[in-house]
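All values below were derived from every heavy atom in this structure, side-chain atoms included, with hydrogens, water molecules and symmetry-related copies excluded.
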Amino acid sequence: MNPNDDSGAGSDLPRPIPDATARPEDILKATAPAAPAQAAPAAPAAAGVPGRYEHVIEQFAHDYLRDRRSDRRWKTFFRLIWISVLLLFIWSMFSAKHHGGATTGPHTALVEVRGEIAPDTEASAELINAALKAAFEDPGSQAVVLRINSPGGSPVQSGIVNDELKRLKALHKKKVYAVVEEICASGAYYIAAGADEIYVDKASVVGSIGVLMDGFGFTEVMKKVGVERRLMTAGENKGMLDPFSPVTPKQQAYAQAMLDQIHQQFIAVVREGRGTRLKETPEMFSGLFWNGEQAIQLGLADGTGNLDYVAREVVKAEDVVDYTPRDNVAERIAKRFGAAMGEGAVKAMRSTMSIR
């Protein structure tokens, strides 16, 4: 065999490996068998075969590049989204929780009281008092407006806010106005009574000056089911108001006396705050509530008006600055996916009895 013969006839050696850097269409051209001389008339038909391969390869390459571009665009889009979320999270961690702040111009200071008045809520005494302190201390605030939309809550939290209102009013010599939206009942009115004037909508719900303690008793159910309550205490009244034990007349009388004392504290706050404007009736402190129009007639409120009206016509400072503490984005996410998931269960386990 002639080593210089590259015809490949009768050779068992494999064809050389094509250059990896060559284009696919060049490889096909290089590996296509040469047509014999006598087949020259059929050249046009044979030439069409590589052409078809070239078309398929070009179409494949075009589709491949299009898919890669689409993938890159989507990856870039999602990366931008995650970067934006991360930057927003970082910003919110360092952002101030108060909308209001020290200002130079005269304005009306706003503090919101919304939802249940209780610890660890947006209407807790801790948050409200912090906002009140900032609002009173700002030299630009001409007066403070409490915008209330709450059914009430803890008498302790309400009492703390009422006491702080009286202290700040005496210290800074600024007026406080309460503006009621939908409802101002029970503990919410306890707070509103500390304002110099109360403004309502004619359809607002106002009042419910009373105290309640609620819970459940399961003693009869346990008898029917056949469950025995095994409660051991050190102290005669340590298990008082246990929902799985019967209530004794002595314990019930003691609880009622305690509620009556808290009720009298509530009545004293209302009488002190409203003074001679209050037109007392037998039902005034019975726990009843009235609409805004009736509340004005009874002296529980002074007139109709919203926040803008009070700021413009009463305070004479139309600009309103909100001092209400707000949760930042990070805290809202944490509450939504963390503590808030078990909020109902925690409240249920915290106490079987609540006073409102």
Side-chain angles (χ1 to χ4, degrees), residues 112-118 121 123-125 128 145-163 165-166 176-217 241 247 252-307 309-310 351 353-356:
E112 302 267 12
V113 180
R114 292 187 175 274
E116 181 186 6
I117 302 169
T121 66
S124 67
I128 295 175
V145 173
L146 287 166
R147 184 161 61 180
I148 300 174
N149 190 5
S150 169
S154 165
V156 175
Q157 297 286 302
S158 302
I160 293 173
V161 176
N162 186 276
D163 292 341
L165 266 179
K166 290 188 289 186
V176 177
Y177 301 97
V179 174
V180 179
E181 290 189 334
E182 302 292 334
I183 183 171
C184 178
S186 193
Y189 192 79
Y190 198 127
I191 293 175
D196 294 285
E197 295 179 9
I198 301 175
Y199 291 87
V200 299
D201 183 85
K202 57 182 178 297
S204 300
V205 176
V206 182
S208 188
I209 303 171
V211 185
L212 65 84
M213 176 184 290
D214 57 358
F216 297 92
L241 301 179
V247 180
Q252 188 169 3
Y254 182 87
Q256 186 61 54
M258 182 179 64
L259 292 177
D260 291 340
Q261 291 175 356
I262 298 174
H263 189 203
Q264 290 303 315
Q265 295 168 3
F266 193 171
I267 294 172
V269 168
V270 174
R271 284 173 173 164
E272 179 185 3
R274 301 304 298 167
T276 57
R277 292 170 291 183
L278 198 63
K279 301 176 178 61
E280 292 191 25
T281 65
E283 293 81 17
M284 176 72 69
F285 306 121
S286 67
L288 285 178
F289 48 85
W290 299 269
N291 61 38
E293 189 175 0
Q294 293 171 317
I296 295 172
Q297 296 173 359
L298 293 170
L300 295 170
D302 297 285
T304 58
N306 56 19
L307 172 63
Y309 170 83
V310 173
S351 177
M353 292 289 178
S354 62
I355 300 176
R356 299 192 298 277

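Gly115 and Ser150 make their closest contact through O-OG, 2.6 Å (heavy atoms, listed as atom of the first residue, atom of the second, distance). Of all non-hydrogen atoms in Pro151 and Ser186, the two that sit nearest each other are O-CB, 3.7 Å. Residues Ala123 and Val113 come closest through the heavy atom pair CB-CG1, 4.4 Å. Annotation for Ala193 and Val270: closest pair CB-CA, 4.1 Å, computed over non-hydrogen atoms. Closest non-hydrogen pair, Ile262 versus Pro155, comes out as CG2-CB, 4.1 Å.
A ring-ring contact (aromatic ring centres under 6.0 Å, His included) check over residues 285-305, counting only residues at least two apart or in different chains, returns nothing. Residue pairs satisfying the ring-ring contact (aromatic ring centres under 6.0 Å, His included) criterion with at least one member in residues 180-204, sequence neighbours excluded, are listed as follows: Tyr190-Phe266. Pairs passing the side-chain hydrogen bond (donor to acceptor under 3.5 Å, both in side chains) check and including a residue from residues 297-307, sequence neighbours excluded, read Arg274-Asp302, Arg277-Asp302.
Expressed to the nearest 0.5 Å, how far CD1 of Ile183 lies from OG of Ser208 amounts to 8.0 Å. In this structure, CD1 in Ile296 is found 10.5 Å from CD1 in Ile198, a value given to the nearest 0.5 Å. Rounded to the nearest 0.5 Å, atoms CD (Glu283) and CD1 (Ile209) are 12.0 Å apart. The CD1 atom of Ile128 lies 10.5 Å from the CD1 atom of Ile160; values are rounded to the nearest 0.5 Å. Between Gln157 atom CD and Ile117 atom CD1 the span is 9.0 Å, to the nearest 0.5 Å. To the nearest 0.5 Å, atom CE of residue Met284 and atom OG1 of residue Thr281 are 4.5 Å apart.
Using a 4.5 Å heavy-atom threshold, the side chains of Val200 and Asn291 count as separate. Two residues are said to be in side-chain contact when any heavy atoms from C-beta on lie closer than 4.5 Å; Leu165 and Leu146 meet this criterion. Residues Met213 and Gln256 form no side-chain contact, since every pair of their non-hydrogen atoms from C-beta on lies 4.5 Å or further apart. In this structure the side chain of Val179 never reaches within 4.5 angstrom of the side chain of Ile148, judged on heavy atoms.
Under a cut-off of 6.0 angstrom, the local environment of CD in Glu293 is sparse, with at most 12 non-hydrogen atoms contributed by other residues, nucleotides or ligands. Atom NZ of Lys202 is surrounded by 12 or fewer heavy atoms from other residues, nucleotides or ligands within 6.0 Å. Within a 6.0 Å radius of CD in Glu182, other residues, nucleotides and ligands contribute 12 heavy atoms or fewer.
Ser158 places no side-chain N or O within donor-acceptor distance of the main-chain N or O of Ile191, the cut-off being under 3.5 Å. In this structure, Ser154 contributes its side chain and Ala118 its backbone to no donor-acceptor pair below 3.5 Å.
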